[in-house]
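Below: one structure, written as structure tokens.
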Amino acid sequence: MNVIVTSIDYILNWSRANSLWPLTFATSCCGIEMMQTVASNNDIARFGSEVFRGSPRQADLLICAGTITHKMAPALLRLYEQMPEPKYVIAMGACTCGGGMFNETSYSVVNGIDKIIPVDIYLPMCPPKPESLLDAIRKLQKEIKNESISKRHEFMENHTPKLKEYCGLLVDNDFTVTKIGV
């Protein structure tokens, strides 16, 4: 019985890894580098990710590139929550990973999106080159090929979104955002 489950896991993970459909969330200069990844010089289509989706319901990879502000955090969480399982996240750029140059000087910038949503791959350059995004996608594909369903559920349970605690916001099931404690 264990051999059958292992074989099914292998086939599912292989197909999942080779057909990642990214959803873009680009807010600043890292978005330009992400657009360059789709161009013919780099050709992200070689890795099965050529179709950038405009709807979160059709995507399974969120590439978050650029500065995320506290006001933008509920929109990011809403997009993440609307993506079907299994879903993966690449944090692209120093501002996305840890606040970047705005870390100590700005009150409105989130110091890392891992405070809001779980992140699978960090790409902390300013701005990262298209080649490094392709490398991050290859590393994510390697992780997906080696994961099991139970380990993915364990990862998701340990990294639940903490937007309620972080921003003092309440996000309902219909994605109505209300301020709490006011």
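We use all heavy atoms of the structure for the numbers below, so side chains are in, but hydrogens, waters and symmetry mates are not.
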- Item | Any P118 side-chain heavy atom under 4.5 Å of Y80 side chain | yes

- Message: Quick check for you: to the nearest 0.5 Å, what is the distance between K87 atom NZ and L20 atom CG?
- Response: 15.0 Å

- Query: Do W21 and Y88 share a hydrophobic cluster (ILVMFWY, side-chain heavy atoms under 4.5 Å, transitive)?
  - Reply: no

- Query: Say you draw a straight line from OG1 of T27 to CG of L76; how long is it, rounded to the nearest 0.5 Å?
  - Reply: 9.5 Å

- Message: Return the CD to CG distance between E33 and L133, rounded to the nearest 0.5 Å.
- Response: 9.5 Å

- Message: Counting C-beta onward and ignoring hydrogens, is there a side-chain heavy-atom pair between V119 and I113 closer than 4.5 Å?
- Response: yes

- Query: Between CG of L61 and CD of Q141, what distance do you get to the nearest 0.5 Å?
  - Reply: 9.5 Å

- Item | M83 and L23, any side-chain heavy atoms less than 4.5 Å apart | yes

- What residue among D60, I63, I137 forms side-chain contact (heavy atoms from CB on, under 4.5 Å) with P22? I63

- How many angstroms lie between atom CD1 of I68 and atom OG of S28, to the nearest 0.5 angstrom? 7.5 Å

- Query: Looking at residues at least two apart in the chain, or sitting in another chain, which of them share a side-chain contact (heavy atoms from CB on, under 4.5 Å) with A136?
  - Reply: I90, I121, L123

- Is there a side-chain contact between I117 and L62 (heavy atoms, below 4.5 Å)? yes

- Message: Please find the pair of heavy atoms, one from C126 and one from A94, that lie closest to each other, and give the distance.
- Response: CB-CB, 4.2 Å

- Task: Kindly say whether R138 contributes a backbone atom to a donor-acceptor pair with the side chain of K142 at under 3.5 angstrom?
- Result: no

- Sidechain-backbone polar pair: T96 side chain, G66 backbone, donor-acceptor under 3.5 Å: yes

- Message: Restricting to non-hydrogen atoms, name the atom on P74 and the atom on H70 that form the minimum distance, rounded to 0.1 Å.
- Response: CD-O, 3.4 Å

- With K129 via side-chain contact (heavy atoms from CB on, under 4.5 Å) - residues at least two apart: E131, S132

- To the nearest 0.5 Å, atom CD1 of I144 lies from atom NZ of K139 at 14.5 Å

